[in-house]
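What follows is a single structure, written as structure tokens, with notes after it.
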Amino acid sequence: MYGCINLHASLLPKYRGAAPIQWAILNGDKATGVSTMYMNEKMDEGDIILQEETEIGENETTGELWDRLKEQGAELLLKTIKEIEKGTAPRTPQGDNFTIAPMLKKEMAKIDFMQTAEEIKNKVRGLNPIMGAYSMYNSKKVKFWKVEILDDKIDENIEPRNSNFSR
């Protein structure tokens with residue numbers, strides 16, 4: 001018996017927890033990856049066996065990245081099992097420098113138009129398809145699934161033509 005191993009969708013110790021893919025996108029990370037680790041009694045804290053990194057596309061959503069990482073993770077898991085069988089699997093402690101990726105909450109999905117365009121774009125990408133980012137328009141919820149930044153220079157003195165979107 002080799003003990004239990006686990007596959008995790010982040011480059012541990014970054015993003016331990018329930019939503020590592022979403023938080024990587026929400027935080028605007030340019031790369032993430034998958035890790036295999038030995039399990040212990042604490043969540044996502046076991047020693048790392050193997051890791052593989054991948055870039056996060058500029059417009060990639062959580063759903064798209066999830067699909068890529070599950071393929072990458074399956075291959076890494078097979079490599080890990082082979083290393084364990086050969087007796088050559090590394091064991092790297094994670095240490096105390098880690099980031100938590102907590103469960104997502106519904107209230108975080110509302111778009112705050114005081115945020116930067118990049119932060120809003122990351123929110124939309126990070127919450128697609130899990131719950132979708134939204135705003136209110138004429139008292140109705142409008143969900144956003146994809147957005148594009150057209151211009152990062154906005155004149156702060158210009159009022160929107162239609163102020164029905166809530167801030």
Side-chain angles (χ1 to χ4, degrees), residues 6-37 39-46 48 51-74 76 94-167:
N6 187 28
L7 174 66
H8 190 72
S10 79
L11 295 174
L12 290 169
K14 194 164 189 181
Y15 299 125
R16 288 182 187 168
I21 299 170
Q22 296 91 331
W23 283 105
I25 293 176
L26 287 165
N27 289 332
D29 290 4
K30 303 298 181 202
T32 189
V34 290
S35 303
T36 52
M37 66 178 164
M39 294 192 59
N40 65 15
E41 64 281 349
K42 297 181 181 174
M43 178 146 81
D44 300 335
E45 291 187 23
I48 296 167
Q51 295 184 307
E52 285 187 2
E53 185 173 319
T54 189
E55 288 185 22
I56 299 173
E58 181 180 338
N59 296 309
E60 194 166 27
T61 67
T62 287
E64 293 163 344
L65 182 55
W66 187 297
D67 288 342
R68 284 197 312 110
L69 289 178
K70 70 182 177 187
E71 298 294 326
Q72 186 178 15
L76 186 66
Q94 291 191 43
D96 294 329
N97 189 17
F98 60 90
T99 309
I100 298 294
M103 290 179 63
L104 303 176
K105 297 183 178 181
K106 289 180 183 180
E107 55 270 11
M108 71 182 292
K110 186 170 184 183
I111 295 172
D112 175 359
F113 286 101
M114 299 308 291
Q115 290 183 303
T116 67
E118 192 69 33
E119 289 169 327
I120 292 170
K121 180 179 178 180
N122 291 342
K123 178 177 283 200
V124 171
R125 293 171 48 229
L127 298 179
N128 177 351
I130 306 303
M131 64 178 79
Y134 75 93
S135 185
M136 301 302 289
Y137 181 73
N138 289 336
S139 301
K140 293 184 180 180
K141 185 184 278 190
V142 178
K143 289 220 176 183
F144 295 83
W145 300 105
K146 292 236 181 209
V147 296
E148 182 178 342
I149 298 174
L150 299 177
D151 189 352
D152 61 354
K153 295 177 184 158
I154 297 174
D155 185 341
E156 299 291 329
N157 298 316
I158 296 176
E159 284 295 316
R161 281 190 228 154
N162 185 338
S163 59
N164 289 333
F165 277 102
S166 62
R167 292 181 186 244

My understanding is that only residues two or more places apart in sequence, or in another chain, count here; which of them pass side chain to side chain contact (heavy atoms under 4.5 Å, CB included) with [X]?
X: M108; result: W23, L26, L104
X: Q51; result: L11, L12, S35, I48
X: E118; result: T116, N122, I149
X: N40; result: K42, E45

Measuring from atom [atom1] of [X] to atom [atom2] of [Y], what distance do you get when rounded to the nearest 0.5 angstrom?
X: H8; Y: I21; atom1: NE2; atom2: CD1; value: 8.5 Å
X: T62; Y: I25; atom1: OG1; atom2: CD1; value: 4.0 Å
X: E119; Y: I111; atom1: CD; atom2: CD1; value: 12.5 Å
X: K70; Y: L7; atom1: NZ; atom2: CG; value: 12.5 Å

| Contacts of type salt bridge (Lys or Arg N to Asp or Glu O under 4.0 Å), residue E60, not counting sequence neighbours |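 Per chain and number, E60 pairs via salt bridge (Lys or Arg N to Asp or Glu O under 4.0 Å) with R68.
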| message | I'd like to check the salt bridge (Lys or Arg N to Asp or Glu O under 4.0 Å) partners of K146; sequence neighbours left out, ordered by chain and number. | response |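 Applying salt bridge (Lys or Arg N to Asp or Glu O under 4.0 Å) to K146 gives E64.
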| message | Less than 4.5 Å apart, side chain to side chain, heavy atoms only: is that true for N27 and Y15? | response | yes
| Got N6 and D44 here, is their nearest side-chain heavy-atom distance under 4.5 Å? |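 Yes, close enough: below the 4.5 Å cut-off.
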| said: Per the salt bridge (Lys or Arg N to Asp or Glu O under 4.0 Å) rule, what does the pair list look like for residues 120-141, sequence neighbours excluded? | reply: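 Of all non-adjacent pairs touching residues 120-141, those that pass salt bridge (Lys or Arg N to Asp or Glu O under 4.0 Å) are E58-K121.
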| said: Taking salt bridge (Lys or Arg N to Asp or Glu O under 4.0 Å) as the cut-off, I'd like each qualifying pair that reaches into residues 129-139, sequence neighbours left out, listed once. | reply: none
| What pairs meet the side-chain hydrogen bond (donor to acceptor under 3.5 Å, both in side chains) rule with one or both residues in residues 97-108, with sequence neighbours excluded? | none
Shortest non-hydrogen contact between [X] and [Y], atoms and distance:
X: L127; Y: A133; result: CB-N, 4.1 Å
X: N128; Y: W145; result: ND2-O, 2.7 Å
X: M43; Y: G17; result: CE-CA, 3.9 Å
X: S135; Y: F113; result: OG-CE1, 3.3 Å
X: M103; Y: A18; result: CG-CB, 3.4 Å

| said: Under a 3.5 Å distance rule, please check whether T32 uses its side chain to pair with a backbone N or O of S10 as donor and acceptor. | reply: no
| task | Please name all residues satisfying side-chain hydrogen bond (donor to acceptor under 3.5 Å, both in side chains) with E55, sequence neighbours left out, ordered by chain then number. | result |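 Counting only residues at least two positions away or on another chain, E55 forms no side-chain hydrogen bond (donor to acceptor under 3.5 Å, both in side chains).
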| message | Checking R16 now: which residues fulfil side-chain hydrogen bond (donor to acceptor under 3.5 Å, both in side chains) with it, not counting sequence neighbours? | response | Q94
| request: Evaluate the side-chain contact (heavy atoms from CB on, under 4.5 Å) criterion for residues F98 and K14: first the C-alpha distance (whole Å), next the side-chain angles of each, then the deciding distance (0.1 Å), finally the verdict. | output: CA-CA 5 Å; F98 60 90; K14 194 164 189 181; over 6 Å; no
